[in-house]
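These notes are about the structure you will find just below.
By convention in this document, chain letters (A, B, ...) are assigned in the order of the sequence lines, proteins followed by strands, and residues within each chain are numbered from 1.
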There are 4 protein chains.
Amino acid sequence: MMPNAARRSERSRTAILDAVLALLRESGYADLTIEAIASRAGVGKQTIYRWWPGRGAVVLDALVEQAAAAGPQALPDTGDLEADLRVVVRAIVAELADPRLSATTRALTIETLSSEAFADQMRDRMLRPQLDTVKDRLRSAREAGDLRPEVDLDQAVELLIGPMYHRWMMRTGPLTEEYADGIVDLAMAALRPGTAGKPRPGTA
Amino acid sequence: MMPNAARRSERSRTAILDAVLALLRESGYADLTIEAIASRAGVGKQTIYRWWPGRGAVVLDALVEQAAAAGPQALPDTGDLEADLRVVVRAIVAELADPRLSATTRALTIETLSSEAFADQMRDRMLRPQLDTVKDRLRSAREAGDLRPEVDLDQAVELLIGPMYHRWMMRTGPLTEEYADGIVDLAMAALRPGTAGKPRPGTA
Amino acid sequence: MMPNAARRSERSRTAILDAVLALLRESGYADLTIEAIASRAGVGKQTIYRWWPGRGAVVLDALVEQAAAAGPQALPDTGDLEADLRVVVRAIVAELADPRLSATTRALTIETLSSEAFADQMRDRMLRPQLDTVKDRLRSAREAGDLRPEVDLDQAVELLIGPMYHRWMMRTGPLTEEYADGIVDLAMAALRPGTAGKPRPGTA
Amino acid sequence: MMPNAARRSERSRTAILDAVLALLRESGYADLTIEAIASRAGVGKQTIYRWWPGRGAVVLDALVEQAAAAGPQALPDTGDLEADLRVVVRAIVAELADPRLSATTRALTIETLSSEAFADQMRDRMLRPQLDTVKDRLRSAREAGDLRPEVDLDQAVELLIGPMYHRWMMRTGPLTEEYADGIVDLAMAALRPGTAGKPRPGTA
DNA sequence: CCCTAAACGAGACGGTACGTCACGTCTTGGT
DNA sequence: ACCAAGACGTGACGTACCGTCTCGTTTAGGG
């Protein structure tokens, strides 16, 4: 019933994942059918269904593989938090602004919205590693006293990331370097210690 | 070639949009086929294809109609910016946390990611009106001196909205009232005047 | 309920019948839809349905009109039966051999096979007049003693006509002048008096 | 592009042809849709379209199969040509007179008139085998001296068959046993040797 | 000569069937 | 045994016409 993973053909596995990346690049997620993958990979459809539950899973594997091949991208830690964040945020904005590069992100997001099971996989295998690099940098900043100690690090990461993705998805504005810097400015204002976290009782 | 809108049957239009809402409620976006809509509405498929280019467009119309029927929801302006924002943000978080309510948002987001044409429609007809209510509140806050005057209002809105949507989509954490308040705290810290905008040269 | 024939638009009637003939000539019976006729004639579909029960009836009217316009074609009566028959048979074979001319016959035959009501109309309004000219010639031949008196004239006509139509429909052989003459030879052998009608009792 | 006939499912093929025959029996050719066949056969539409170009072709196969199953019907050769022909002609007339039996012939004739490709198939696979049995009998009659040697056998066959089909299609008269005998009488008069083939110069 | 009821063009409508596409499963050699 | 190849049942797609049903707009005859 369950296939024997030991006998799995590495040739097929690689051909399939390569085909997925090629087709994503060429035609976009909407035209990415299982039959197209099988045909492009020179593989039987059953060989795909044997090892993956569906389209989303194959795509995720393909992209994780791709990310792994690119090697782990570390975050600079120059001691200057704002400068370091500027680097990441600019990089992400640049990637989202490039239709070629963001096509895969688009695909993953669609699948994430379509399937809870996929969403969990996606989060743990693709997203979390990326977010954690930022989170680690913020943690070291907190230890250095560059961060208000009471802020939740996860929320802080999302404060940086969320607005960019929102603008990218909804096309509510340009994705430029100036925009990236604006994001960092706002985020730094929110995170920098100097400001009283909650001067609520009697401000005005 | 182009159908004559003057002769359009209001009965059919209404039946179709109602059917879409009913089916969305009952079965979700994945099971929402044109044939199911036509059948449920007691309408020929051609009548759908005559007036809408595809599934996404019908759904968008249905939801816009629904939103319009609910009447324009204004934002409170009590004079206390933070309190007012807390109301909206909590409301949005609550809606996203409810699987029933957020199903349609999920559908629209998928369609937005799938089609540029749809994305533009979606932005202008659904999203912008909602974002503008927040933007208006921020503008009045700026005039009241409750906002650093140099912040871009669009970026400020996205600073509030983006993180929530990101967490909702990527399931990176709980969508609770505490979380909503955390968002508002961070955003207020970023926007509140007291803080120097860019104390970059020589941080502390 | 029933339309008032007195108010009927002659312009429309003519345009419709002309459109039928034009479309039959250009595209054949299979592509002859009511919508195509209406569009070509610059007429509303309802105007067709108001005056005719269906496609077959319009086509029949169009072809009857066409035949009437061509005027009544008489059969020669030179006194030489065989020669006279040769003229008709050759003419019919020539018409059937021409794809252009036989297209309408093809259309009528299809409709005849499809609808009994149409078959009766077709027989009485198109076919009978043609067959009767042959039958009349045979009758005068009988009176002249050129025909075995006991043969049934209807069967005799069909003996001439039937084989041609069969070969035309089923494409069992060429439709040439030699073939036409062969038909006439056989038929004359069957009809000519000299032969004993039924020499059955003791022939061999 | 072309399906691999070796992998074809015999089960499906049989179910489809059986469904065609059943539906033809029950509802006639006009109601015989591909969807009805697929549904009745418990088969996907694509399985029909994979192996046949259209409705006519499936029907032809079904009827050829049916005819083959019934076994090859030979023609009697009692030595008495007229008696033997009377048997076939009466049988054909009887079949044409029965609306149930002739419905399929009607269907095939419509399709034959509609498509040249079908016409060729129809002729070679259904009609020719039937006509050849008659032709064979006539050939043996010629060798026995019961036939004028100069008559073309194909024309002779059509002389027998054509009139019947014409009367059946055009409903120009009753299809009775008397009629069948009349056909045979006329045909025998045309074919029997005693008569001079062409006494044309100087008739009498 | 005008008025009004009809017939008209246009085409939207609820349907049915079309022929195609991709799904996920099943089957058949081949290696 | 796993594989490529691809046939299979399923179901939705978007299109073409069906015959019916409004819509204004001619248009022709009876007052």
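A search for salt bridge (charged side-chain N to carboxylate O under 4.0 Å, His left out) contacts involving A/R171 returns B/E116, not counting sequence neighbours. For the salt bridge (charged side-chain N to carboxylate O under 4.0 Å, His left out) test, residues two or more places apart in sequence or in another chain that qualify with C/R40 are C/E26. Contacts of C/N4 classified as side-chain contact (heavy atoms from CB on, under 4.5 Å), with partners at least two apart in sequence or in another chain: C/A6, C/R7. Partners of B/R125 by salt bridge (charged side-chain N to carboxylate O under 4.0 Å, His left out), not counting sequence neighbours, listed by chain and number: B/D61. By the side-chain contact (heavy atoms from CB on, under 4.5 Å) test, D/S27 is found to be paired with D/D31, residues two or more places apart in sequence or in another chain being considered. Partners of C/R8 under the salt bridge (charged side-chain N to carboxylate O under 4.0 Å, His left out) rule, at least two apart in sequence or in another chain, do not exist in this structure. For B/T33, the side-chain contact (heavy atoms from CB on, under 4.5 Å) criterion is met by B/E35, B/A36, not counting sequence neighbours. For D/A67, there are no side-chain contact (heavy atoms from CB on, under 4.5 Å) partners at least two apart in sequence or on another chain.
Side-chain N or O atoms of B/S102 include none that pairs as donor or acceptor with a backbone N or O of B/T105 at under 3.5 Å. Side chain of C/T14 to backbone of C/E10: a donor-acceptor contact under 3.5 angstrom is found.
Near DNA chain F, meaning a heavy atom under 4.0 Å from it, residues 11-21 of chain B has no residue at all. At a non-hydrogen distance threshold of 4.0 Å, C/T33, C/I34, C/E35 from residues 33-44 of chain C come into contact with DNA chain F.
Distance CD1 (A/I48) to P (F/dG6): 15 Å, rounded to an integer number of Å.
For the pair B/R50 and D/L32, both in contact range of DNA chain E, the more 5′-proximal nearest nucleotide belongs to B/R50. Projected onto DNA chain F by closest heavy-atom contact, A/R8 and B/P53 fall at different nucleotides, the more 5' of which corresponds to A/R8.
By the 6.0 Å contact criterion, CZ on B/R11 is open, its count of non-hydrogen atoms from other residues, nucleotides or ligands being 12 or less.
First and last contacts of DNA chain E with chain D, using any nucleotide atom under 4.0 Å from a protein heavy atom and ordered 5' to 3', fall at E/dA17 to E/dT28.
Checking the phosphate oxygens (OP1, OP2) of F/dC8, a side-chain nitrogen or oxygen of D/W51 falls inside 4.0 Å.
Taken to the nearest 0.5 Å, the CD atom of A/Q46 stands 10.0 Å off from the CD1 atom of A/I48.
The closest side-chain heavy-atom distance from C/R13 to C/W52 is below 4.5 Å.
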Quick test: give all pairs of protein nitrogen or oxygen and nucleotides 20-23 of chain F nitrogen or oxygen below 3.5 Å, distance rounded to 0.1 Å.
| from | atom 1 | to | atom 2 | distance (Å) |
| --- | --- | --- | --- | --- |
| F/dC21 | N4 | C/Q46 | OE1 | 2.3 |
| F/dC23 | O3' | B/R7 | NH1 | 3.3 |
| F/dC23 | O2 | B/R7 | NH2 | 3.2 |

